[in-house]
Amino acid sequence: QLQACGGGLVQPGGSLRLSCAASGSIFRIARMGWYRQAPGKQRELVATATSGGTTNYADSVKGRFTISRDNAKNTVYLQMNSLKPEDTAVYYCNGYYRNNYWGQGTLVTVSS
């Protein structure tokens, strides 16, 4: 089970931090990540982090977003800085180990 939180309304240029708490030991070895889906668009990868710490980012968020994980707490974070209106989307937490696991989405709205 994945439980995401931290979304909300923020002005352009602002910051938010999303959190995703995972239950189950499998997530300590799973690749964890964040995806997002904007209205009328397909779900897209935002960032992933392996249990060993290797990270990957979409080009659109590089330099602005940072994914991190606390394996002891089974929690993955997404620090989002310099937010833009085009970052507005529902953000989904994902865990992958042999299967895909999805959390419920959390809405991020970037608007003045």
Side-chain angles (χ1 to χ4, degrees):
Q1 301 292 334
L2 300 172
Q3 185 74 27
C5 63
L9 173 64
V10 63
Q11 291 187 343
S15 298
L16 278 177
R17 189 175 83 152
L18 306 182
S19 299
C20 176
S23 59
S25 59
I26 189 173
F27 294 106
R28 298 190 178 186
I29 59 174
R31 185 194 70 193
M32 301 298 295
W34 291 93
Y35 289 71
R36 67 186 181 187
Q37 187 166 17
K41 295 187 176 182
Q42 291 187 333
R43 191 173 298 188
E44 63 177 4
L45 178 146
V46 177
T48 60
T50 67
S51 59
T54 300
T55 57
N56 180 53
Y57 295 91
D59 288 343
S60 59
V61 306
K62 281 181 181 176
R64 301 188 298 123
F65 291 11
T66 302
I67 187 171
S68 61
R69 56 190 294 170
D70 185 334
N71 290 333
K73 295 182 178 180
N74 260 11
T75 302
V76 61
Y77 305 95
L78 184 68
Q79 177 66 43
M80 305 185 293
N81 299 328
S82 303
L83 282 161
K84 305 175 181 180
E86 51 263 43
D87 295 318
T88 295
V90 177
Y91 284 70
Y92 296 91
C93 179
N94 170 266
Y96 177 77
Y97 183 75
R98 296 181 178 175
N99 290 294
N100 262 316
Y101 301 87
W102 293 97
Q104 91 292 358
T106 184
L107 177 62
V108 172
T109 303
V110 184
S111 175
S112 56

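Across every non-hydrogen atom of Arg64 and Ser82, the tightest pair is NH1-O, 3.0 Å. For Leu2 against Gly95, the heavy-atom pair with the smallest separation is CD1-N, 3.7 Å. When all heavy atoms of Pro12 and Pro85 are compared, the pair lying nearest together is CG-CG, 4.2 Å. Contact detail for Lys41 and Gln37: the closest heavy-atom pair is O-NE2, 3.1 Å. Nearest heavy-atom pair, Trp34 versus Ser19, reported as atom, atom and distance to 0.1 Å: CH2-O, 3.6 Å.
One hydrophobic cluster, built from ILVMFWY side chains closer than 4.5 Å, holds both Val61 and Val10. With hydrophobic clusters built from ILVMFWY side chains whose heavy atoms lie under 4.5 angstrom apart, Val76 shares a cluster with Ile29. When hydrophobic clusters are built by joining Ile, Leu, Val, Met, Phe, Trp and Tyr residues whose side-chain heavy atoms come closer than 4.5 Å, directly or via intermediates, Ile67 is not grouped with Tyr96. Hydrophobic cluster membership differs between Met32 and Tyr77, with clusters built from Ile, Leu, Val, Met, Phe, Trp and Tyr side chains linked at under 4.5 angstrom.
Shown here are the ring pair (Phe, Tyr, Trp, His ring centres under 6.0 Å) partners of Tyr101, two or more places apart in sequence or in another chain: Phe27. Qualifying ring pair (Phe, Tyr, Trp, His ring centres under 6.0 Å) partners for Tyr91, counting only residues two or more places apart in sequence or in other chains: none.
Under the 4.5 Å side-chain criterion, counting only non-hydrogen atoms from C-beta, Met80 is not in contact with Asp87. The shortest side-chain heavy-atom distance between Ser51 and Arg28 does not fall under the 4.5 Å cut-off. At least one side-chain heavy atom of Ser60 sits under 4.5 Å from a side-chain heavy atom of Arg36.
Between Asn56 atom CG and Thr50 atom OG1 the span is 10.0 Å, to the nearest 0.5 Å. Here CZ of Phe65 is found 14.5 Å from OG1 of Thr55. Values are rounded to the nearest 0.5 Å.
Side-chain contacts under 4.5 Å among hydrophobic residues (ILVMFWY), followed directly or transitively, place Tyr92 together with Tyr35, Leu45, Val90, Trp102, Leu107.
Using a 4.0 Å cut-off between charged nitrogen and carboxylate oxygen, Asp59 and Lys62 count as a salt-bridge pair.
A donor-acceptor pair under 3.5 Å is absent between the side-chain atoms of Gln3 and the main chain of Gly103, judged by distance alone. Proximity of a side-chain donor or acceptor of Asn100 to a complementary backbone N or O of Asn94 within less than 3.5 Å is not detected.
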Stepwise, does the side chain to side chain contact (heavy atoms under 4.5 Å, CB included) test hold for Ser111 with Thr88? CA-CA 8 Å; Ser111 175; Thr88 295; 5.8 Å; no
Working for disulfide (SG to SG under 2.5 Å), residues Cys20 and Cys93: CA-CA 6 Å; Cys20 176; Cys93 179; 2.0 Å; yes
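Within 6.0 Å of atom OH in Tyr97, 12 or fewer heavy atoms from other residues, nucleotides or ligands are found, so the atom counts as exposed in its surroundings. Taking a 6.0 Å sphere around CD of Gln1, one finds it holds 12 or fewer heavy atoms contributed by other residues, nucleotides or ligands. More than 12 heavy atoms of other residues, nucleotides or ligands lie within 6.0 Å of CD in Glu86, so this atom counts as buried by the packing criterion.
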